[in-house]
Amino acid sequence: PGTLTVVGGPAGSTKSMWVMGECDNWEMKGEKWAYLAMEDEKHLPLRRLVAQIDGNSDFTKPRWLREHMDEARRVIRQNRQRYRRFNQNLWVIPDEVWTYADVLKWIQSRAEEGKRVIVVDPITAVKRNGGENVWDADWMFIMRAKLICRKHGCSLILVTHPSKQGAMQQRRAPAMEDAAGGTAFVRFTHTIFWINYYRDGLWADLTELGADNRYHDSRDVVNRVFTL
């Protein structure tokens with residue numbers, strides 16, 4: 001309790017899916033948690049959850065859902081209660097622009113509700129005020145967030161992206177400074193997890209995922225499958 005953890009990694013390294021899987025584990029163990037998804041519509045986090053439950057990553061692909069709608073619905077029906085409990089702890093703001101102040105207010109509200117683990121994914125989606133000092137803004141956010149965690153005995157997880165000059169671009173082992181944002185994120189957090197691709201060949205899978213996302217009717221397909 002009272003800790004702040006950063007989870008980072010390159011795009012497509014499954015950092016969000018990993019954290020969601022942990023949230024599902026905490027739910028099964030009776031822990032209270034909350035998840036703020038700042039860049040995706042609600043169906044995508046829920047698809048990642050179902051992919052975890054069924055052990056089938058194809059649930060994240062609109063093309064596969066379109067071709068296997070009956071199978072997808074069957075898996076969701078079998079896990080209806082688990083799916084709904086996860087949905088109740090998920091906040092999604094794809095069409096809103098939040099500042100650090102907005103995120104802190106949300107964290108405060110969830111902490112007051114008694115949530116043991118609070119997740120913000122990704123913190124890099126926050127809008128900075130024009131002209132503000134990056135170091136000062138990041139430092140103030142982290143210090144206030146840690147104060148909330150200490151006061152309420154909760155833990156905060158911030159998912160972040162890699163910096164433009166990160167390890168993947170320079171072909172070296174990852175280091176703390178590879179996390180996007182100001183250095184306050186690596187100097188004043190308690191723990192940093194960095195998730196890498198498990199093999200080089202994963203790039204081929206990423207290319208396939210990018211192709212799937214170009215289907216204009218994918219949102220309608222997903223909504224028809226995931227509406228209970």
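Position 1 is the first residue of the sequence, and the numbers go up from there.
The CG atom of D102 sits 3.5 Å away from the OG1 atom of T99 when rounded to the nearest 0.5 Å. From T60, atom OG1 reaches atom CD of Q52 across 10.5 Å, with rounding to the nearest 0.5 Å. Taking CD from E27 and OH from Y35, the interatomic distance works out to 15.0 Å, rounded to the nearest 0.5 Å. With rounding to the nearest 0.5 angstrom, the NZ atom of K32 is 12.5 Å from the CZ atom of R110. Atom OG1 in T124 sits 4.5 Å away from atom NE2 in H161 (nearest 0.5 Å). Note that CG of N89 is 12.5 Å distant from CG of L36, once rounded to the nearest 0.5 Å.
The shortest non-hydrogen separation linking M38 to P122 is SD-O, 3.7 Å. Closest heavy-atom contact between C23 and W33: O-NE1, 3.4 Å.
In terms of hydrophobic clustering, with Ile, Leu, Val, Met, Phe, Trp and Tyr side chains grouped at heavy-atom distances under 4.5 Å, W139 and V120 are assigned to a common cluster. The cluster map of Ile, Leu, Val, Met, Phe, Trp and Tyr, joined by side-chain heavy atoms under 4.5 Å apart, puts I142 and L147 in different clusters. Clustering ILVMFWY residues whenever any of their side-chain heavy atoms sit less than 4.5 angstrom apart, transitively, puts I107 in the very cluster that holds F188.
Partners of E112 under the salt bridge (Lys or Arg N to Asp or Glu O under 4.0 Å) rule, at least two apart in sequence or in another chain, do not exist in this structure. Residues passing the ring-ring contact (aromatic ring centres under 6.0 Å, His included) test with F141, sequence neighbours excluded: Y100.
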Show every donor-acceptor pair shorter than 3.5 Å between a side-chain atom in residues 149-159 and any protein atom, with sequence neighbours excluded, or say none if there are none.
{"residue": "H152", "atom": "NE2", "partner": "Q108", "partner atom": "NE2", "Å": "3.4"}
{"residue": "S155", "atom": "OG", "partner": "T3", "partner atom": "OG1", "Å": "3.3"}
{"residue": "S155", "atom": "OG", "partner": "R116", "partner atom": "NH1", "Å": "2.7"}

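Taking the side chain as every heavy atom from C-beta outward, L65 and R47 approach each other to under 4.5 Å. Side chains of Y83 and I53 form no contact here, defined as non-hydrogen atoms less than 4.5 Å apart. In this structure, the side chains of M143 and M140 stay at 4.5 Å or more apart for every pair of heavy atoms. Considering only heavy atoms from C-beta on, F185 comes within 4.5 Å of D138 through its side chain. Side-chain contact between M20 and F86: present, with at least one pair of heavy atoms (C-beta onward) separated by less than 4.5 Å. Contact of the L49 side chain with the D24 side chain is registered, since non-hydrogen atoms from C-beta on lie closer than 4.5 Å.
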Pair V50-N79, side chain to side chain contact (heavy atoms under 4.5 Å, CB included): steps then yes or no: CA-CA 8 Å; V50 177; N79 298 277; over 6 Å; no
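H190 places a side-chain N or O within 3.5 Å of a backbone atom of L4 that can act as its donor or acceptor partner. Of the possible polar contacts, one joining the N133 side chain to the D136 backbone as a donor-acceptor pair under 3.5 Å is found. When atom types are taken as modelled, the side chain of K15 and the backbone of G9 share a donor-acceptor pair closer than 3.5 angstrom.
Taking the six-membered ring where tryptophan is involved, the planes of W64 and H68 are essentially parallel, since the angle between them stays under 30° and well short of 60°.
Within a 6.0 Å radius of NZ in K146, other residues, nucleotides and ligands contribute more than 12 heavy atoms. Around atom CH2 of W98, more than 12 heavy atoms belonging to other residues, nucleotides or ligands sit under 6.0 Å away.
The pair K61-D58 meets the salt-bridge criterion, since a charged nitrogen lies less than 4.0 angstrom from a carboxylate oxygen.
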